[in-house]
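Okay, structure first, notes after.
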Amino acid sequence: MRVETQVAYILHKRPFRDTSQILDVFTREHGRISLMSRGSRGAKSRTGGLLQIFRPLLISWQGRGDMPFLSRVEMADIKAPVLSGKSQMSAMYINELLVYLLHKNDVHAEIFDRYHACLYALNEAENIETILRLFEKELLQLLGFGLNLNIDADSGEAVREECHYAYHFEHGPVICEKNRQLKNPVLSGLSLIAFDHNEIVSEQHRSEIKKLMRYVLAGHLGHKKLKSRELFRKPVIRNA
Amino acid sequence: MSPLLQQLIDALKCLPGVGPKSAQRMAFYLLERDRDGATHLARTLDEAVAKIGRCQSCRTLSETDLCNICSHTGRDRSKLCVVESPVDVMAIEHIAEFQGKYFVLMGHLSPLDGIGPSELGLELLEQRLASGEVQELILATNPTVEGETTAHYISEMAADHGVEATRIAHGVPLGGELEYIDAGTLAHAFSGRQKIGV
């Protein structure tokens, strides 16, 4: 089988033998696939420099079975997202999510478009956290794990702004008292409703939504731990 | 073929770039032509594997607690160069430009490979930065996305301790031609251009 010039991003690469590498590639038309790239790590390789993560590429491959061979790679005709520092670490976090949550060979054109947009949004973002939370939410939705944010899962009533809710995995928000100590994240109705409308307004709200998404993602990831979270350093209080 | 000979051939295949054919050639060469060399190789290998560990100060490969560079008194302790692997130390030593000390990460940050800050011994580096003897931290990780992320992470750490961090330049290689250079490198070289002349 031969596939020509597909829009793609590399999510991860693994060295293989002396000069080859195995690429985990996210394509728009073919979903997430593994490709063997022969000789691209050698000193004389001309493609090695192109094969970087977060770079929009046009790739061609051929061969059958689980791991076809990369036959050609070019830069896509758009400027690559300029990521550095925190935005780059955030993008690595997103890659880790995609590698764990997307099944191989399932086509997810919409997720690809969201991913693409997200990389460019991170590029100039002031508010990285909001972008990440919205990406996580849409990712789950497009994978068919959409969150219930507006209906109390026990009573079937609409979520009310002034109440508090404990979130249950694969079930939804259930009304509870404000300061109950639970294993489940507790959020204000206001936060749930705003997040349902893709808005994150206050600092309090941000931290509630963060806990919610951590909890939900942990449920979907099972025993897998997201290592990229360790990249975010806690601010150090310096002894002046 | 004798089982021991087969075992030797299989053992040689663990070397990079050595397949069954080359392994077979090596095995026959050692046994037929150079038995002394073979004994010497075997002893040295055995000794090296048993004795060579990590330098306690910079994590590079060393058979003593402190490697030669770390224990050298003539080198500038205020400059610390961070590299990804011991081979990079050798490459930089070869240009004989740098007189400071090193810190070897033995890799780069790569969450999907399970490599985070603790796997790279960054606590040890942080202790060095906290000790106050380092004035300039030179980040010489590879110009890959992972290398850049690693450099960024460490630069934040340096900032926390008030240490100046610098990054090695990257761009057009000497003797290279612009026409053949990939767009990413060229863009980097362009944004990092320097004033010329007086």
Side-chain angles (χ1 to χ4, degrees), chain A residues 10-15 17-19 24 41-43 45-55 57 73-100 224-240, chain B residues 13-19 22 91 107-120 122-123 126 129-130 132 142-163 165 167 170-173 176 179-189 191:
Chain A
I10 293 173
L11 294 177
H12 183 55
K13 13 180 224 179
R14 225 159 4 122
R17 299 246 173 96
D18 276 354
T19 57
D24 197 328
R41 286 195 307 130
S45 163
R46 285 181 60 182
T47 52
L50 275 180
L51 298 172
Q52 295 284 330
I53 52 180
F54 313 135
R55 211 180 259 190
L57 299 170
V73 57
E74 310 164 52
M75 287 276 271
D77 224 2
I78 40 171
K79 198 172 179 289
V82 187
L83 301 168
S84 61
K86 208 164 197 162
S87 59
Q88 192 159 285
M89 290 171 181
S90 307
M92 281 182 145
Y93 166 74
I94 291 181
N95 274 12
E96 202 178 5
L97 272 187
L98 290 181
V99 167
Y100 289 152
K224 287 174 192 146
K225 284 263 175 312
L226 291 170
K227 195 84 182 166
S228 44
R229 287 198 179 126
E230 291 177 20
L231 297 184
F232 297 91
R233 279 169 61 77
K234 293 193 182 71
V236 178
I237 299 133
R238 227 182 299 163
N239 304 323
Chain B
K13 279 197 291 195
C14 78
L15 291 165
V18 176
S22 328
H108 49 229
L109 291 175
S110 178
L112 275 165
D113 296 309
I115 302 173
S118 50
E119 282 77 10
L120 295 182
L122 292 184
E123 293 105 5
E126 187 145 29
L129 294 174
N142 291 332
T144 55
V145 175
E146 293 85 353
E148 294 294 342
T149 310
T150 312
H152 177 81
Y153 185 92
I154 299 174
S155 73
E156 279 186 340
M157 217 157 82
D160 285 343
H161 294 283
V163 175
R167 180 89 176 100
H170 39 267
V172 185
E179 188 189 346
Y180 297 111
I181 286 164
D182 74 281
T185 310
L186 197 53
H188 244 297
S191 59

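Throughout, protein chains are lettered first and strands after them, A, B, ... in sequence-line order, and every chain is numbered starting at 1.
Using a 4.5 Å cut-off between heavy atoms, Glu230(A) contacts chain B through both its backbone and its side chain. In this structure, no portion of Tyr93(A) lies under 4.5 Å from any heavy atom of chain B. Only the backbone of Leu11(A) comes within contact range of chain B, with heavy atoms under 4.5 Å apart. Contact of Lys86(A) with chain B is made through the backbone alone, with heavy-atom distances under 4.5 Å. If you measure heavy-atom distances from Arg55(A) to chain B, the contacts under 4.5 Å come from the side chain alone.
No more than 12 heavy atoms of other residues, nucleotides or ligands shown are found within 6.0 angstrom of CZ on Arg17(A). In Lys13(B), the NZ atom is crowded: over 12 heavy atoms of neighbouring residues, nucleotides or ligands sit closer than 6.0 Å.
The two residues Leu109(B) and Met92(A) make their nearest non-hydrogen contact at O-CE, 4.2 Å. Pro111(B) and Lys227(A) make their closest contact through O-CB, 3.4 Å (heavy atoms, listed as atom of the first residue, atom of the second, distance).
Contact of the His12(A) side chain with the Asp113(B) side chain is registered, since non-hydrogen atoms from C-beta on lie closer than 4.5 Å. Between Gln52(A) and Glu148(B), the closest side-chain pair of non-hydrogen atoms is not below 4.5 Å.
Chosen from Ala187(B), Ser155(B), Gly114(B), Ser118(B), the residue pairing most often with chain A at heavy-atom distances under 4.5 Å is Gly114(B).
Here CD of Glu156(B) is found 10.0 Å from CG of Leu231(A). Values are rounded to the nearest 0.5 Å. Taken from CG in Leu112(B) to CD1 in Ile53(A), the straight-line distance is 8.0 Å, to the nearest 0.5 Å.
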